[in-house]
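What follows is a set of notes on a single structure, which appears directly below.
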Protein chains: 2
Amino acid sequence: MRKSRAEAALTREKIVVTAANAYRKFGTGGISVQDVMKEAGLTHGGFYKHFSSKDALIAEACAWALDQTANRLAAAARRAPAGQGLQAIIDTYLSPAHRDHPEQGCAIAALGSELARYEGAPRCALGQGIQQLVELVAEYLPEHEQDAAKAIVGGMVGALVTARALDDRQLSDAFLASARQNLVRLHA
Amino acid sequence: MRKSRAEAALTREKIVVTAANAYRKFGTGGISVQDVMKEAGLTHGGFYKHFSSKDALIAEACAWALDQTANRLAAAARRAPAGQGLQAIIDTYLSPAHRDHPEQGCAIAALGSELARYEGAPRCALGQGIQQLVELVAEYLPEHEQDAAKAIVGGMVGALVTARALDDRQLSDAFLASARQNLVRLHA
DNA sequence: CAGTTGGGATTATCATCGTAATCCAAAATT
DNA sequence: AATTTTGGATTACGATGATAATCCCAACTG
């Protein structure tokens, strides 16, 4: 039954990725350790050989998810024509696809309000993710407008959260569109 | 032991208000029906004489909280000097006091990401609260800029969520300040 | 004022969850 | 090859949670 070192590392990675998706989809309180393990194709017994607690997994899963999102946004910005980097980041973040797939998306939007109540590692991870996003946005802003990056990131997160909260599809789309069109105005 | 009709209505109201505060503080999954009842000075047994389920209470509590916030913001706008209504709303919403007291504040920011995963009544209540906020903001925008209201509301919510998520007090303050200064620019 | 009703308390049920102890066999180590 | 580690499975434990049945007594109804 035992796996080699390398395989064990893969197993661990698999747990983290599975957890990152599951937590973004169901919330950290919405899925149990046991179900995460089952989803990863394992039994729950071995869990504490990998992580010291559920919170430790949450922290790692969030960090992984935040990295994933930052990388995707950075790639979108790089792909964009010159001068359109910021708009590309905003458009990618506020796409209907992102709204409809929280399990693959930004952990700040998916878990922000719950993780804000945590102390310790998970909250830390989230804070670093936020800073990461701000730095990415700031790269595409002129020197003298760096401060606007914070408001832009806030606007992106809030628009996604509200768009997901709205039952009415049309209204939800309108929220995304309004933010896509208006947020770039925040630097001028 | 039994209370009169009027007293029973007060009891019910008390449960809703207690729940509204508790859910915003701990999250809907962070406090049990029993603890909400205890907090309201009651035992948990009588709960289902008032509400059909925990979700029903969550929905009512959210609706109450959202009304509370909308009223406060509307009052702040009315108190403001002419032409400063929108800025007053934004400043009130993005005050450090609001950030530091989620249990008295906006339910969208406190519960948005969890309630977005609900179906049914709680999600509905949240959606209506969002629209309420948009309408309030729109009142203080010129006719031809109504669409910006959605982006502004999104920006407000997101800035508060991120400010709460950040461990670093200074950085958190900076997020609030950036949004306060920049969000009004969204109509121009 | 007698009878009915329905708030609210007490207690129970059944499920779930985080955590941990134990065990086994295969991989590291020597 | 013998010995030691250690991933991962099995199983257990204690706590907590949502929901419900039951009961009591005071407030309504007539």
Side-chain angles (χ1 to χ4, degrees), chain A residues 1-20 22-23 25-62 111 114-115 117-123, chain B residues 1-20 22-23 25-62 111 114-115 117-123:
Chain A
M1 298 274 184
R2 188 185 169 197
K3 302 292 180 64
S4 75
R5 288 270 164 83
E7 286 174 305
L10 280 184
T11 298
R12 187 193 162 95
E13 178 78 1
K14 173 120 201 224
I15 297 173
V16 171
V17 175
T18 304
Y23 290 147
K25 185 170 184 182
F26 302 112
T28 58
I31 188 166
S32 67
V33 166
Q34 348 218 353
D35 284 347
V36 169
M37 292 295 278
K38 189 188 298 178
E39 193 77 21
L42 298 163
T43 54
H44 62 281
F47 177 79
Y48 290 90
K49 286 283 161 64
H50 286 290
F51 306 95
S52 62
S53 66
K54 182 178 181 177
D55 276 7
L57 173 60
I58 291 174
E60 278 201 47
C62 283
L111 303 171
E114 354 181 1
L115 290 188
R117 289 185 292 263
Y118 275 68
E119 295 295 328
R123 184 125 176 272
Chain B
M1 295 273 181
R2 185 182 170 202
K3 302 294 180 59
S4 74
R5 289 270 164 84
E7 285 174 307
L10 279 183
T11 298
R12 188 194 161 93
E13 178 78 2
K14 173 121 200 223
I15 297 173
V16 171
V17 175
T18 304
Y23 289 145
K25 185 170 184 181
F26 302 112
T28 58
I31 188 165
S32 66
V33 165
Q34 347 218 351
D35 284 347
V36 168
M37 292 295 278
K38 190 190 295 177
E39 192 78 22
L42 299 162
T43 54
H44 63 281
F47 177 80
Y48 289 89
K49 287 284 161 64
H50 286 290
F51 307 95
S52 63
S53 69
K54 183 178 181 179
D55 275 7
L57 173 60
I58 291 174
E60 278 202 47
C62 282
L111 304 171
E114 351 180 3
L115 290 189
R117 289 186 291 264
Y118 275 68
E119 295 293 328
R123 184 126 176 271

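The sequence lines fix the lettering, A, B, ..., with proteins before strands; numbering per chain opens at 1. When reading the values below, keep in mind they use all heavy atoms of this one structure, side chains included, and skip hydrogens, waters and symmetry mates.
- Considering only the side chain of B:Asp35, D:dG17 comes nearest among D:dG8, D:dG17, C:dA20.
- Applying the 4.0 Å criterion to OP1 and OP2 of D:dT19, one finds that B:Tyr48 has a side-chain N or O inside that range.
- Per the geometry, CE belonging to B:Met37 stands 7 Å off P belonging to C:dA9, to the nearest Å.
- Residue-level contact check: A:Lys54 touches the backbone only, with heavy atoms under 4.0 Å from sugar-phosphate atoms and none from bases.
- Less than 4.0 Å separates DNA chain D from at least one heavy atom of each of the following residues of residues 8-19 of chain A: A:Ala8, A:Thr11.
- Between A:His44 and B:Thr43, it is B:Thr43 whose nearest contact on DNA chain C lies nearer the 5' terminus.
- Closest of all the heavy-atom pairs between B:Val16 and B:Leu57 is CA-CD1, 4.2 Å.
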Under 3.5 Å, sequence neighbours excluded: what are the donor-acceptor pairs made by side chains of residues 25-35 of chain B?
from	atom 1	to	atom 2	distance (Å)
B:Thr28	OG1	B:Glu114	OE1	3.2
B:Thr28	OG1	B:Tyr118	OH	3.2
B:Ser32	OG	B:Asp35	N	3.1

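- For D:dG8, one of the phosphate oxygens OP1 or OP2 lies less than 4.0 angstrom from a side-chain nitrogen or oxygen of A:His50.
- B:Lys38 places its NZ atom 12 Å from the C1' atom of D:dT16, with the value rounded to the nearest Å.
- In this structure, B:Lys38 and B:Leu42 have side chains that are not in contact, with every pair of non-hydrogen atoms separated by 4.5 Å or more.
- Here the side chain of A:Leu42 is nearest to one of D:dG8, C:dC17, D:dA18, namely D:dG8.
- Residues B:Phe47 and B:Val36 fail the side-chain proximity criterion, which asks for heavy atoms closer than 4.5 Å.
- Atom CZ of B:Phe47 and atom C1' of C:dT11 are 18 Å apart (whole Å).
- Spacing between atom CZ of A:Phe51 and atom C1' of D:dG8 amounts to 13 Å, rounded to whole angstrom units.
- Shown here for B:Ile58 and B:Pro122, the closest heavy-atom pair between the two residues is CG2-CB, 3.9 Å.
- Regarding A:Gln34, its CD atom lies at a distance of 17 Å from the P atom of D:dG8, rounded to whole Å.
- Contacts of A:Ser32 with the nucleic acid, taken as non-hydrogen atoms under 4.0 Å apart, involve only primed sugar atoms and P, OP1 or OP2.
- Checking D:dG8, C:dC17, C:dT10 against the side-chain heavy atoms of A:Lys49 singles out D:dG8 as nearest.
- What you find for A:Cys62 and A:Leu115 is that their closest heavy atoms are SG-CD1, 3.4 Å.
- Distance CD1 (B:Ile31) to C1' (D:dA18): 14 Å, rounded to an integer number of Å.
- The side chain to side chain donor-acceptor pair (under 3.5 Å) analysis of residues 41-61 of chain B, with sequence neighbours excluded, yields the pairs B:Arg12-B:Glu60.
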